[in-house]
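Just so it is clear, the values below take in all heavy atoms, side chains as well, and ignore hydrogens, waters and symmetry mates.
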Amino acid sequence: MIEFIFTRVAEKQFLALEKDEQERILQKLKTLKLHPDIFSVLKPLVAFEDFVVPVSRLRIRSMRLILCQEKIDKFLVLKVKHRKDVYR
């Protein structure tokens, strides 16, 4: 099963969101854990300057999660922000 781990920065950003947004994100991550092909849902980010490793994004309404694959079944959540702010 796939595991999602929040970094400290991402956890702070997540906790700053409203409760309904938090629940929506958690529900999406729970359904993704059981998804047979997670890479059909994640979109790779090609020119994201902040990180050296390949990163992907997950879209949940107007929110974006920036993810980094650490192992085959382990993902780090690097950022949780609104779509207008996440790529800055």
Side-chain angles (χ1 to χ4, degrees):
M1 184 167 20
I2 297 173
E3 182 180 5
F4 295 100
I5 300 171
F6 283 77
T7 61
R8 287 183 188 167
V9 173
E11 186 176 6
K12 282 179 121 177
Q13 293 168 347
F14 177 76
L15 293 174
L17 299 174
E18 294 180 12
K19 291 291 181 190
D20 61 330
E21 287 286 336
Q22 290 179 5
E23 291 174 17
R24 193 174 297 120
I25 290 170
L26 289 177
Q27 185 63 33
K28 182 69 171 190
L29 291 177
K30 285 179 187 176
T31 57
L32 265 180
K33 284 184 176 184
L34 304 174
H35 200 278
D37 183 22
I38 191 169
F39 293 104
S40 65
V41 180
L42 297 179
K43 183 176 179 182
L45 294 176
V46 179
F48 200 64
E49 302 88 23
D50 291 353
F51 303 100
V52 177
V53 295
V55 292
S56 302
R57 72 138 168 99
L58 176 63
R59 185 182 132 220
I60 305 169
R61 283 194 176 188
S62 61
M63 300 303 293
R64 300 295 185 267
L65 273 69
I66 305 298
L67 302 158
C68 168
Q69 185 176 10
E70 196 171 73
K71 294 182 182 176
I72 293 175
D73 60 346
K74 193 175 193 180
F75 286 87
L76 286 177
V77 180
L78 303 172
K79 286 186 176 184
V80 179
K81 287 191 174 184
H82 190 272
R83 67 184 181 95
K84 68 178 182 176
D85 299 323
V86 75
Y87 302 111
R88 293 181 189 177

Q: Taking only residues at least two apart or on different chains, which pairs with a member in residues 59-74 satisfy salt bridge (Lys or Arg N to Asp or Glu O under 4.0 Å)?
A: E70-K74
Q: What are the two closest heavy atoms between R57 and I66, and how far apart are they?
A: CB-CD1, 4.1 Å
Q: Not counting sequence neighbours, which residues clear side-chain contact (heavy atoms from CB on, under 4.5 Å) with S40? List them please.
A: H35, D37
Q: Let me confirm one number: the CG-SG distance from L45 to C68, rounded to the nearest 0.5 Å.
A: 11.0 Å
Q: Considering only residues two or more places apart or on different chains, which pairs with a residue in residues 55-74 satisfy ring pair (Phe, Tyr, Trp, His ring centres under 6.0 Å)?
A: none
Q: With sequence neighbours left out, which residue pairs that include part of residues 5-23 fulfil the side chain to side chain donor-acceptor pair (under 3.5 Å) condition?
A: E21-R24
Q: In Å, rounded to the nearest 0.5 Å, how long is the span from OG of S62 to CZ of R83?
A: 7.0 Å
Q: Could I get the full list of salt bridge (Lys or Arg N to Asp or Glu O under 4.0 Å) partners for K28, not counting sequence neighbours?
A: none
Q: Under 4.5 Å side-chain heavy-atom separation, chaining through any Ile, Leu, Val, Met, Phe, Trp or Tyr, what else clusters with L34? Say none if it is isolated.
A: M1
Q: Can you list, by chain and residue number, the hydrophobic cluster partners of I25 when the side-chain cut-off is 4.5 Å?
A: I2, F4, F6, F14, L15, L17, L26, L29, L32, I38, F39, V41, L42, L58, I60, M63, L65, L67, F75, V77, V80
Q: Between atom CD of E3 and atom CG of L76, what is the distance when rounded to the nearest 0.5 Å?
A: 9.5 Å
